[in-house]
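These notes are about the structure you will find just below.
Being a predicted model, the structure only gives us computed values, none of them experimental.
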Amino acid sequence: VQLQASGGGLVQAGGSLRLSCAASGRIFRINGMEWYRQAPGKEREFVAAVYRDGSINYADSVKGRFTISRDNAKNTVDLQMDSLKPEDTAVYYCRAQRVDTPNRHRYLEIWGQGTQVTVSS
């Protein structure tokens, strides 16, 4: 099972970007689909998560500006980022939490490769 993230880029402050992440492989069910980010010189931090039951969490720093959504049938998760600020500049990573395969194997977590988001002032 792999995760592939896309959609990063360079945008001016106040602009928008949409990140997408697709899980591929033999997947039966994914519990949580999440986004994290890591800015230069800083630790990786939680951004947003959406769970199979529909519950959603956001970091306080992105509430009201970012929107997470997922498509269970396609095993994808998107992050719509609006009103971007320079402090949103980071490498963004998607993470799948508790992934079950058809043969009953469980991955506790799978990380995708990062995608760079740069917000200029």
Side-chain angles (χ1 to χ4, degrees):
V1 178
Q2 295 182 333
L3 297 181
Q4 180 70 40
S6 61
L10 172 64
V11 65
Q12 289 188 333
S16 298
L17 280 175
R18 188 176 184 88
L19 305 183
S20 295
C21 179
S24 61
R26 290 176 56 79
I27 299 169
F28 175 67
R29 180 175 50 218
I30 300 174
N31 182 46
M33 300 194 80
E34 306 164 340
W35 288 96
Y36 287 73
R37 66 186 182 187
Q38 188 166 19
K42 295 187 177 181
E43 294 187 351
R44 191 171 298 188
E45 65 175 6
F46 170 79
V47 176
V50 56
Y51 300 95
R52 192 168 182 85
D53 65 0
S55 58
I56 290 176
N57 292 323
Y58 293 102
D60 288 343
S61 59
V62 306
K63 280 182 182 176
R65 300 188 298 120
F66 291 10
T67 304
I68 191 170
S69 60
R70 69 184 281 178
D71 184 326
N72 289 330
K74 297 180 179 179
N75 292 318
T76 58
V77 60
D78 290 345
L79 186 69
Q80 176 66 39
M81 306 185 294
D82 299 318
S83 303
L84 283 161
K85 304 175 181 179
E87 51 263 44
D88 294 318
T89 295
V91 177
Y92 283 69
Y93 298 89
C94 57
R95 173 181 182 262
Q97 180 262 342
R98 207 174 79 201
V99 180
D100 294 327
T101 65
N103 61 352
R104 300 186 178 184
H105 181 81
R106 172 168 287 180
Y107 298 89
L108 293 181
E109 66 174 10
I110 298 172
W111 288 91
Q113 92 292 358
T115 185
Q116 177 71 46
V117 171
T118 303
V119 184
S120 63
S121 57

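Each of Val50, Val47, Thr67 was compared with Tyr58 under the side-chain contact (heavy atoms from CB on, under 4.5 Å) criterion, and only Thr67 meets it. When the options Gln97, Arg106, Arg52 are evaluated for a side-chain hydrogen bond (donor to acceptor under 3.5 Å, both in side chains) with Asn31, the one that passes is Gln97.
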Sequence neighbours left out, cut at 3.5 Å: what donor-acceptor pairs do the side chains of residues 1-14 make with other protein atoms?
none

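Hydrophobic clustering keeps Tyr36 apart from Ile56 (ILVMFWY residues linked when any side-chain heavy atoms are closer than 4.5 Å, directly or through intermediates).
Atom-to-atom distance recorded for Phe28:CZ and Asn75:CG is 11.5 Å, nearest 0.5 angstrom. Atom CG in Asp100 sits 9.5 Å away from atom NE2 in His105 (nearest 0.5 Å). Within the model, atoms CZ of Arg44 and CD of Gln38 stand 5.0 Å from one another, a figure rounded to the nearest 0.5 Å. Distance check, rounded to the nearest 0.5 Å: CH2 of Trp35 to CG of Leu19 gives 4.5 Å.
Side-chain heavy-atom separations under 4.5 angstrom define the hydrophobic clusters, and Leu108 shares its cluster with no other residue.
A donor-acceptor pair shorter than 3.5 Å cannot be found between the side chains of Asp78 and Gln80.
The shortest heavy-atom contact between Ile30 and Ala96 is CG2-CB, 4.0 Å. What you find for Ser16 and Ser83 is that their closest heavy atoms are OG-N, 4.4 Å.
Proximity of a side-chain donor or acceptor of Thr118 to a complementary backbone N or O of Thr89 within less than 3.5 Å is not detected.
Using bins of under 30°, 30° to 60° and over 60° for the plane-to-plane angle, the ring pair Tyr93/Trp111 lands in the perpendicular bin.
Under the salt bridge (Lys or Arg N to Asp or Glu O under 4.0 Å) criterion, the residue pairs touching residues 61-72 are Asp60-Lys63, Arg65-Asp88, with sequence neighbours excluded.
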Take Arg37 and Leu79 through the test side-chain contact (heavy atoms from CB on, under 4.5 Å) and record every step on the way to the result. CA-CA 12 Å; Arg37 66 186 182 187; Leu79 186 69; over 6 Å; no

